[in-house]
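Each remark here refers to the structure printed beneath this line.
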Amino acid sequence: MTLEETLSAIRPVDPAIEQAAWAHWDAIAKPLRALGLLEEAVVRMAGIQNTTDVRLNKRAVVAMCADNGVVEEGVTQTGQEVTAIVAENMTRHDTSVCQMAAVAHADVIPVDVGIYRPVEGPGMVQKCVRRSTRNMTKEPAMTLEETVQAIQAGIDVVCDLHSEGYNLIATGEMGIGNTTTSSAIVSVLLDKDPAEVTGRGAGLSSKGLERKIHAIETAIERHKPDRADPLDVLSKVGGLDIAGLVGVYLACGAKRIPVLVDGFISAAAALAAVRMCPAVGDYLMASHVSKEPAGQMLMEALGLKPFLHAEMCLGEGTGAVAAMPLLDMGLAVYHGMVSFEDTHIETYVPQT
């Protein structure tokens, strides 16, 4: 599917299906709505899958991996070489998200959409648009064409996973410097001062944080990204990994796949996707709220309620994978619990 075809295929979910799922929940022999967000998640997935018989048979975390030229400005604690090392470790199932995904019965799908050097390894999906973005403080991070190509890479990955039977996708990323690009995107799209939405990422010093904020301010002032045009924002101050994630979200909407949003970087990409196509918001579920300063701002802007408040800021998709067992538990009750009628207990009714 092309980007245009993907956008045209996204439709809002059917509220009638969601109401039928709520009716099933309310017939279960337990206090009404007592599982809170777990019930809401199952109802949302029913709407997305267009059936009350919600199933999560095969799940994956898609980790978009790319480098960012802005690291030249001293905005990170480590250099670009770490992106390639961690991406290679993903192919050997030797990163944090791989260990957690094994517990959650999820496959990790690393995607090279722009790592600064070629990365090989079993399972590495080769979708490289260019070897790292440009330094956004000096020139736009990407051309518009490169941005669209990165979005298309995300679409292609999801279409392939859909054809293989995956029906739950989590977003993840790996890219040194991508909290800088995410903060720049959020600053523009939410019309916030860069200092208000920029955090320390992977352990920056106070001096490093100052450099990071300055780099974002410089890039925004130099390129003047158009807040009303998400593609313009992505190309000027974004990253290949973030653009790839935008494609993941859009394709999940087109293919009716529930998608778990990870932390700050994934949520920044989700915001860009929703600004491109508001209906894609129906297909998003928040796993956790990031420890980054703008984490809660993004949840509010997206209208999402995260399952976890665990002060996580690791990335890779770890927060999204951590939420998967909660979905399994919710579905276990939804499918397996007896009804009020079965147990001859008087049905609970809402109290006023």
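Scope of the values below: all heavy atoms of this structure, side chains included, with no hydrogens, waters or symmetry mates.
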* Criterion salt bridge (charged side-chain N to carboxylate O under 4.0 Å, His left out) on Glu40 and Lys305, from CA distance to verdict -> CA-CA 10 Å; Glu40 290 185 25; Lys305 292 183 284 186; 3.1 Å; yes
* To do: Applying side chain to side chain contact (heavy atoms under 4.5 Å, CB included), run through Val108 and His93 and close with a yes or a no.
  => CA-CA 8 Å; Val108 178; His93 309 289; 5.6 Å; no
Do [X] and [Y] meet the criterion of a side-chain donor-acceptor pair at a distance under 3.5 Å?
| X | Y | result |
| --- | --- | --- |
| Thr95 | Glu316 | yes |
| Asn178 | Asn68 | no |
| Gln152 | Thr2 | no |
| Asp160 | Ser163 | no |
| Thr51 | Asp53 | no |

Atom pair [atom1] ([X]) and [atom2] ([Y]), whose distance is rounded to the nearest 0.5 Å:
| X | Y | atom1 | atom2 | result |
| --- | --- | --- | --- | --- |
| Asp328 | Leu56 | CG | CG | 6.5 Å |
| Glu4 | Thr6 | CD | OG1 | 8.5 Å |
| Leu32 | Trp25 | CG | CH2 | 12.0 Å |
| Glu300 | Met297 | CD | CE | 8.5 Å |
| Glu210 | Thr198 | CD | OG1 | 12.5 Å |
| Asp262 | Ser290 | CG | OG | 8.5 Å |

Heavy-atom side-chain proximity of [X] to [Y] below 4.5 angstrom:
| X | Y | value |
| --- | --- | --- |
| Tyr283 | Val13 | yes |
| Asp193 | Ser187 | no |
| Asp156 | Lys127 | yes |
| Arg200 | Lys212 | no |
| Ser339 | Ile28 | no |
| Met285 | Val259 | no |
| Leu3 | Met276 | yes |
| Val61 | Ile109 | no |

Whether the side chain of [X] engages the backbone of [Y] through a donor-acceptor N/O pair (distance < 3.5 Å, no angle test) should be reported.
| X | Y | answer |
| --- | --- | --- |
| Arg92 | Gly121 | no |
| Thr218 | His214 | yes |
| Asp112 | Gly114 | yes |
| Arg131 | Ile115 | yes |
| His288 | Ala323 | no |
| Ser235 | Thr143 | no |
| Asp67 | Tyr116 | yes |
| Ser287 | Leu260 | no |
| Glu217 | Pro194 | no |
| Lys236 | His223 | yes |

* To do: Applying side chain to side chain donor-acceptor pair (under 3.5 Å), name anything that partners Asp107, two or more places apart in sequence or on another chain.
  => Tyr166
* side chain to side chain donor-acceptor pair (under 3.5 Å) with Lys192: which residues, sequence neighbours excluded? ->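 Result, side chain to side chain donor-acceptor pair (under 3.5 Å) vs Lys192: none returned.
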More than 12 heavy atoms from other groups under 6.0 Å of [atom1] on [X]:
| X | atom1 | result |
| --- | --- | --- |
| Met329 | CE | no |
| His309 | NE2 | yes |
| Glu164 | CD | yes |
| Lys291 | NZ | no |

* **Criterion side chain to side chain contact (heavy atoms under 4.5 Å, CB included) on Glu173 and Leu245, from CA distance to verdict** => CA-CA 8 Å; Glu173 38 60 43; Leu245 289 175; 4.2 Å; yes
Minimum heavy-atom distance between [X] and [Y], given as atom pair plus value:
| X | Y | result |
| --- | --- | --- |
| Ala269 | Val246 | O-CG2, 3.5 Å |
| Ala106 | Met324 | CB-SD, 3.7 Å |
| Trp22 | Arg33 | CZ3-CD, 3.2 Å |
| Pro225 | Asp232 | CA-OD2, 3.3 Å |
| Ile176 | Gly79 | CG1-O, 3.6 Å |
| Met100 | Ala322 | CE-CB, 3.9 Å |

* Within one Ile-Leu-Val-Met-Phe-Trp-Tyr cluster: Val62 and Met1, side-chain cutoff 4.5 Å -> yes
* Say whether Ile257 and Leu302 are linked into one hydrophobic cluster, either directly or through other cluster members, by side-chain heavy-atom distances under 4.5 angstrom. => yes
* **Criterion side chain to side chain contact (heavy atoms under 4.5 Å, CB included) on Thr180 and Met136, from CA distance to verdict** => CA-CA 10 Å; Thr180 302; Met136 70 181 187; 3.8 Å; yes
* From CA spacing to verdict: side-chain hydrogen bond (donor to acceptor under 3.5 Å, both in side chains), Ser132, Gln80 -> CA-CA 9 Å; Ser132 178; Gln80 279 188 330; 3.0 Å; yes
* **Evaluation steps, side chain to side chain contact (heavy atoms under 4.5 Å, CB included), between Tyr334 and Glu39** => CA-CA 8 Å; Tyr334 179 80; Glu39 295 190 39; over 6 Å; no
* Among Met90, Met174, Met64, find the residue that satisfies the side-chain contact (heavy atoms from CB on, under 4.5 Å) test when tested with Pro110. =>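 One option only clears the test, and that one is Met90.
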* For the side-chain contact (heavy atoms from CB on, under 4.5 Å) test, which of Gln49, Arg59, His162 pairs with Asn167? -> Gln49
* Stepwise side-chain hydrogen bond (donor to acceptor under 3.5 Å, both in side chains) check, Tyr249 with Thr171 -> CA-CA 8 Å; Tyr249 291 124; Thr171 55; 3.0 Å; yes
* To do: Show your reasoning for whether salt bridge (charged side-chain N to carboxylate O under 4.0 Å, His left out) applies to Glu72 and Arg134.
  => CA-CA 10 Å; Glu72 296 172 0; Arg134 300 165 184 87; over 6 Å; no
